[in-house]
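Excluded from the calculations below are hydrogen atoms, water molecules and symmetry mates; all remaining heavy atoms, backbone and side chain alike, are included. In this chain, numbering begins with 1 at the start of the sequence shown. Bear in mind that the values here come from a model prediction, so they are computed numbers and not experimental data.
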Amino acid sequence: MGTKEKLIERFLSLPSDFTYNEVVRLFSIFNYSERQKGATSGSRVEFVSMDGKRSFIMHKPHPSNIMKKYAMKQILMYLIDNTNLKNRKR
């Protein structure tokens, strides 16, 4: 199992210590890039698909880098609905 598969498996278990940096890597596996929402967006970031047709907006966790459980669930639902993640989940 490669590092991408290990990260996906780790994410699917919804661990309590999943970091924002891992979220960035996870989205990059599905060909999304991170973009700042703008000068006045604060901690909001957007993950945009390479074709520019889909995006996911969220707040970066702060003050720590650890993701909140509700945000992890939102990301999971988004990835299931918009990528081939459902085909990988067993």
Side-chain angles (χ1 to χ4, degrees):
M1 183 183 299
T3 57
K4 291 178 182 181
E5 290 82 11
K6 287 180 182 176
L7 180 63
I8 291 169
E9 289 300 317
R10 176 169 153 69
F11 173 73
L12 290 174
S13 71
L14 297 174
S16 60
D17 62 345
F18 206 77
T19 65
Y20 179 74
N21 295 339
E22 289 175 301
V23 168
V24 173
R25 287 192 354 245
L26 180 69
F27 270 101
S28 73
I29 291 170
F30 296 103
N31 296 315
Y32 281 72
S33 60
E34 177 187 23
R35 294 190 187 152
Q36 299 299 317
K37 278 296 291 168
T40 60
S41 68
S43 65
R44 278 186 300 162
V45 293
E46 181 176 24
F47 292 95
V48 181
S49 64
M50 290 300 175
D51 62 9
K53 294 181 180 179
R54 295 178 309 278
S55 70
F56 181 79
I57 298 172
M58 64 174 279
H59 285 269
K60 285 183 181 180
H62 54 81
S64 101
N65 197 29
I66 304 297
M67 296 297 297
K68 302 283 187 199
K69 188 66 84 173
Y70 77 90
M72 296 277 293
K73 289 178 182 176
Q74 289 173 346
I75 293 167
L76 176 62
M77 294 310 301
Y78 178 82
L79 291 176
I80 287 173
D81 291 343
N82 294 282
T83 70
N84 63 347
L85 181 64
K86 59 185 159 241
N87 295 334
R88 297 175 186 228
K89 191 173 180 182
R90 300 196 199 291

- Does the pair F47 and V23 meet the rule for a side-chain contact (heavy atoms from CB on, under 4.5 Å), with working shown? CA-CA 10 Å; F47 292 95; V23 168; 4.2 Å; yes
- Item | From CA spacing to verdict: side-chain contact (heavy atoms from CB on, under 4.5 Å), L79, F27 | CA-CA 9 Å; L79 291 176; F27 270 101; 3.9 Å; yes
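Between T83 and I29, the closest side-chain pair of non-hydrogen atoms is not below 4.5 Å. For the pair Y20/I66, no side-chain contact is recorded, criterion being any heavy-atom separation below 4.5 Å from C-beta on. A 4.5 Å side-chain heavy-atom check between R10 and P15 finds at least one atom pair inside the cut-off. Counting heavy atoms from C-beta outward, L85 and L76 have side chains that approach closer than 4.5 Å. Taking 4.5 Å as the limit, every side-chain heavy atom of S55 sits out of range of all side-chain heavy atoms of R35. Contact annotation: the side chain of M67 never approaches that of K60 to less than 4.5 Å [non-hydrogen atoms, C-beta and beyond]. In this structure the side chain of F18 reaches within 4.5 angstrom of the side chain of M72, judged on heavy atoms. Taking the side chain as every heavy atom from C-beta outward, L7 and E22 approach each other to under 4.5 Å.
Cluster membership for V48 and F30, using ILVMFWY side-chain heavy atoms within less than 4.5 angstrom, is not shared.
Judged by distance alone, with hydrogens and angles left aside, the side-chain atoms of K69 form a donor-acceptor pair with the main-chain N or O of L14 at under 3.5 Å.
Summarising the geometry, atom CG belonging to D81 is positioned 5.0 Å from atom CE belonging to M77; distances are rounded to the nearest 0.5 Å. Distance check, rounded to the nearest 0.5 Å: CD of Q36 to OG of S43 gives 9.5 Å. Rounded to the nearest 0.5 angstrom, E46 CD and M58 CE are separated by 12.5 Å.
For Y32, the side-chain hydrogen bond (donor to acceptor under 3.5 Å, both in side chains) criterion is met by R54, Y78, not counting sequence neighbours.
No hydrogens or angles considered: nothing links the side chains of N21 and T19 as a donor-acceptor pair under 3.5 Å.
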